[in-house]
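Okay, structure first, notes after.
Here is the naming used below: chain letters follow the sequence lines, and residue numbers restart at 1 for every chain.
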Protein chains: 2
Amino acid sequence: MGWGGAGLALGAVAAGGTVALTRGGDATVPVAESGAAVPFHGAHQAGIATAVQDRLHFAAFDVKTKDRAELVQLLKDWTRAAERMTAGHEVGEGAYGGLPEAPPDDTGEALGLKPSRLTLTIGFGPSLFDGRFGLAGKRPGALVDLPKFPGDNLDPARSGGDLCVQACADDPQVAVHAIRNLARIGFGKVAVRWSQLGFGKTSSTTPDAQTPRNLFGFKDGTRNIAGTETDRLAKHVWVAGKGAEGPAAWMDGGSYLVARRIRMNVETWDRTPLAEQEDIFGRDKKEGAPVGKAKEHDEPFLKAMKPDSHVRLAHPDTNGGATILRRGYSFTDGTDGLGRLDAGLFFLAYQRDVRTGFIPVQTSLSRSDALNEYTQHVGSALFAIPPGVRDKDDWWGRALFA
Amino acid sequence: MGWGGAGLALGAVAAGGTVALTRGGDATVPVAESGAAVPFHGAHQAGIATAVQDRLHFAAFDVKTKDRAELVQLLKDWTRAAERMTAGHEVGEGAYGGLPEAPPDDTGEALGLKPSRLTLTIGFGPSLFDGRFGLAGKRPGALVDLPKFPGDNLDPARSGGDLCVQACADDPQVAVHAIRNLARIGFGKVAVRWSQLGFGKTSSTTPDAQTPRNLFGFKDGTRNIAGTETDRLAKHVWVAGKGAEGPAAWMDGGSYLVARRIRMNVETWDRTPLAEQEDIFGRDKKEGAPVGKAKEHDEPFLKAMKPDSHVRLAHPDTNGGATILRRGYSFTDGTDGLGRLDAGLFFLAYQRDVRTGFIPVQTSLSRSDALNEYTQHVGSALFAIPPGVRDKDDWWGRALFA
């Protein structure tokens with residue numbers, strides 16, 4: 001296709017899709033149309049460096065079966081279903097094929113919809129390695145139990161999980177359909193532990209794209225890792241070298257995902273003066289420029305910011321270089337019973353090692369961030385994200401269960 | 001603008017927007033681009049006959065103030081904010097204007113987004129007429145307390161409300177922004193009682209458009225009222241004549257909205273054979289054609305269907321001609337604690353009088369519909385929808401509070 005192997009993980013368009021080429025960094029990036037298909041196979045799983053889609057449905061699962069062979073078969077079945085759905089096909093013969101006396105192979109609500117850049121990304125949680133499936137010896141050192149951070153108010157019903165699947169698409173019906181069909185295929189073997197819909201992306205992994213605004217009305221995470229920055233991806237996102245040795249050998253080409261449900265007290269925020277809001281972030285609200293600068297993408301001068309400002313505390317220079325790829329979504333889940341919207345950020349961050357990524361950043365933020373007055377972390381999970389599925393014979397987790 | 005007054009309620013495009021003209025029925029319908037603005041002013045409120053937008057944020061409010069003048073001022077403030085937001089502007093001077101020492105006039109997360117065909121539609125619930133605001137003598141006869149239907153399992157925390165606002169837009173961030181800013185403006189005077197995000201439309205009010213699929217994978221409500229069918233709108237949707245006399249004089253040009261949160265047991269449905277699914281609906285799944293017919297829009301032959309099939313029981317011929325305009329959305333709100341998705345249909349139906357609209361239809365369905373095995377009504381509300389805001393001097397509810 002002419003733009004190199006990295007394109008596979010960067011939202012390249014499947015044969016037949018329409019491709020627009022833009023210049024980004026030193027690579028030519030294919031930018032998929034919103035209806036197009038993102039290739040499922042590759043060295044890395046799609047849905048990480050892929051240009052961020054508009055909508056999210058994320059699900060964490062508990063494994064109910066105690067039979068390792070049954071779990072392996074499920075992962076194979078899921079992989080084949082994911083191949084079909086990301087290409088825009090129904091599972092199996094679809095919603096109307098097969099035998100009339102049998103349940104349909106597909107639930108059908110995505111019939112006639114485009115692939116919508118659907119990506120499905122699987123992860124394995126620490127609890128999967130507890131001994132039930134003979135995987136205790138394969139738990140990577142980086143798959144730690146996250147420490148409790150100051151201010152954490154975690155709900156176990158919104159935290160953890162043996163497995164996760166992140167479904168991202170430009171059409172929410174396509175993302176919801178994919179999670180539902182994976183849950184259906186897993187009936188009796190896995191159960192949904194928690195799930196989260198995200199209605200709006202809050203990060204961009206496309207170079208030079210506008211950073212979307214979060215529910216505080218600010219652009220945040222301006223200097224995110226772009227899908228074209230192969231050097232930064234290699235340094236900060238993809239597991240390799242020592243991170244893929246010993247028990248973690250199966251993680252070569254994978255990553256680690258931190259998911260945090262962050263409730264935002266938008267009503268309190270909305271009564272905060274503009275100057276204070278801008279001080280708290282360390283940016284102006286309209287343009288998104290760091291304090292004292294003119295443009296969103298200008299390099300921040302940290303010493304001009306208040307010591308407890310969000311940008312300053314989250315910056316790699318404050319955290320020993322810690323850099324993560326952010327892929328979070330805004331959520332609004334009804335009301336909290338007190339007349340307030342249950343809204344916030346479903347934070348998703350990919351990194352090579354949480355011990356040098358999320359943990360130092362969140363340690364710094366949770367202690368001092370001025371934003372903490374307006375936010376609360378209410379859900380948390382960490383997942384090992386295995387490498388990509390190479391081809392039609394490969395499946396999610398093959399190296400782990402080998 | 002050349003397509004007649006009815007166009008105002010049909011998704012006509014504001015000055016400056018792009019207009020595509022299509023032929024529908026016997027009228028020329030302006031079809032707005034998804035980024036365009038829908039005019040706020042008109043004889044009827046927008047968001048009813050308007051071509052259905054992709055996303056929904058719906059909120060019901062309890063009025064907390066006991067001061068009628070304060071409530072009236074809020075309705076005026078809301079109207080001015082709704083005029084601005086539906087035109088694609090921030091409230092007041094926006095998220096970054098005004099004085100730095102004051103909270104911003106707008107929360108800011110829709111800055112830079114298009115109007116996205118945002119409509120804001122207000123309604124008044126029965127409880128508003130309980131005497132607190134001197135409105136007891138103005139409660140329309142049609143604003144009944146809905147009867148309890150067989151199978152109802154209503155959660156009071158998801159039912160009722162003094163006021164409602166339906167926000168529909170093609171971009172969910174625009175709809176969420178609008179509800180949030182109305183809630184912010186109402187702080188201390190109203191509180192959100194419940195709210196609902198809808199990720200995918202399940203109905204079309206555009207002639208000849210494909211009916212979107214619900215989460216059972218079926219096209220339902222095929223013969224919905226189109227925004228161009230002025231005769232059917234006048235007959236079944238807009239209040240006029242005797243419905244706008246006496247205590248209901250302020251409802252001339254208005255409508256009545258039934259909102260029902262219908263949980264769908266998708267996991268059970270997904271294990272039901274295809275032939276049984278098709279019998280239950282009275283349609284085939286792929287095309288959506290009624291039993292024995294070839295095409296979705298073919299006239300159903302009710303006697304060919306099972307007596308308890310959904311299409312047969314919901315059909316006007318089964319219910320004395322009862323016809324409603326449907327505008328519902330699919331929802332998925334996480335998990336139910338039992339490993340199942342909390343998913344379903346947020347049913348929205350507009351009609352001239354619920355006593356000859358929703359009530360007979362739901363009486364028939366709740367008694368006999370084969371679909372009831374897979375659904376449960378868990379939230380319910382009825383609202384009187386006043387007529388449209390005529391101009392810049394008019395406001396939501398003026399005739400009611402006159």
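- Pairing each heavy atom of A:T206 with each of A:S204, the nearest pair is N-OG, 3.1 Å.
- Residue A:A157: no heavy atom, backbone or side chain, is found under 4.5 Å from chain B.
- Under a 3.5 Å cut-off, the side chain of A:S116 and the backbone N or O of A:K114 do form a donor-acceptor pair.
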Exercise for the section: Please test A:Y329 against A:S203 for side-chain hydrogen bond (donor to acceptor under 3.5 Å, both in side chains), starting from the C-alpha separation and ending with a verdict. Expected result: CA-CA 8 Å; A:Y329 287 81; A:S203 297; over 6 Å; no
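- Chain A forms more heavy-atom pairs under 4.5 Å with one residue of B:P104, B:A343, B:A191 than with any other, namely B:P104.
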- Message: Using side-chain hydrogen bond (donor to acceptor under 3.5 Å, both in side chains), reason through A:D162 and A:S127 one step at a time and then give a plain yes or no.
- Response: CA-CA 5 Å; A:D162 296 328; A:S127 54; 2.4 Å; yes
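- Across A:R193 and A:P156, no two heavy atoms sit closer than the pair NH2-O, 3.1 Å.
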**Prompt:** How far apart are the C-alpha atoms of A:T211 and A:D220, what are their side-chain angles, what is the distance that settles it, and do they pass the side-chain contact (heavy atoms from CB on, under 4.5 Å) test?
**Reply:** CA-CA 7 Å; A:T211 302; A:D220 190 32; 5.9 Å; no
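- Heavy-atom proximity under 4.5 angstrom to chain B picks out A:W194, A:S195, A:L197, A:F199, A:G200 from residues 194-202 of chain A.
- Only the backbone of B:N214 has a heavy atom closer than 4.5 Å to any heavy atom of chain A.
- Of all heavy-atom pairs spanning B:G161 and B:A60, the tightest one is CA-CB, 4.4 Å.
- Between chain A and the residues B:G217, B:G108, B:P103, the largest count of heavy-atom pairs under 4.5 Å involves B:P103.
- In this structure, A:R271 forms a cation-pi arrangement with B:F187, its terminal cationic atom sitting closer than 6.0 Å to the ring centre and no more than 45° off the ring axis.
- Taking non-hydrogen atoms and a 4.5 Å limit, the residue list of residues 261-268 of chain B in contact with chain A, ordered by number, reads B:V266.
- For B:E276, the CD atom counts as densely surrounded, since its 6.0 Å shell holds more than 12 non-hydrogen atoms of other residues, nucleotides or ligands.
- One N or O on the side chain of A:N181 and one on the backbone of A:T107 form a donor-acceptor pair closer than 3.5 Å.
- For chain A, the nearby part of B:T272 is the backbone; its heavy atoms alone come within less than 4.5 Å.
- Distance check: B:C168 SG to B:L56 CG gives 5.0 Å after rounding to the nearest 0.5 Å.
- If you measure heavy-atom distances from A:L341 to chain B, the contacts under 4.5 Å come from the side chain alone.
- Proximity to chain B at a heavy-atom threshold of 4.5 Å picks out A:Q277, A:K285, A:K286 from residues 277-289 of chain A, in numerical order.
- In terms of heavy-atom proximity, B:L345 sits nearest to B:F331 at N-CE2, 3.4 Å.
- Listed for the B:S159 side chain is a donor-acceptor partner under 3.5 Å among the backbone atoms of B:D155.
- For the pair A:K219 and A:E296, the salt-bridge criterion is met [side-chain N within less than 4.0 Å of a carboxylate O].
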Pair A:H177-A:D106, side-chain hydrogen bond (donor to acceptor under 3.5 Å, both in side chains): steps then yes or no:
CA-CA 9 Å; A:H177 169 266; A:D106 185 286; 2.8 Å; yes
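- Contact count versus chain B (heavy atoms, under 4.5 Å) is highest, among A:D336, A:D342, A:L274, for A:L274.
- Distance alone, capped at 3.5 Å, places no donor-acceptor pair between the B:D170 side chain and the B:R117 backbone.
- For the pair B:G186 and B:L74, the tightest heavy-atom approach, listed with the atom from each and the gap, is CA-CD1, 3.6 Å.
- With a threshold of 4.5 angstrom between heavy atoms, A:H57 approaches chain B through side-chain atoms but not through N, CA, C or O.
- Heavy atoms of B:L111 lying under 4.5 Å from chain A belong to its backbone as well as its side chain.
- Taking B:P100, B:G94, B:P212, B:A275 one by one and counting their heavy-atom pairs under 4.5 Å with chain A, the maximum is reached by B:P100.
- Heavy-atom pairs under 4.5 Å with chain A were tallied for B:L215, B:D333, B:D62; the largest tally goes to B:L215.
- Listed by first and then second residue, the salt bridge (Lys or Arg N to Asp or Glu O under 4.0 Å) pairs that reach into residues 173-184 of chain B are A:D270-B:R180, B:E109-B:R180, sequence neighbours excluded.
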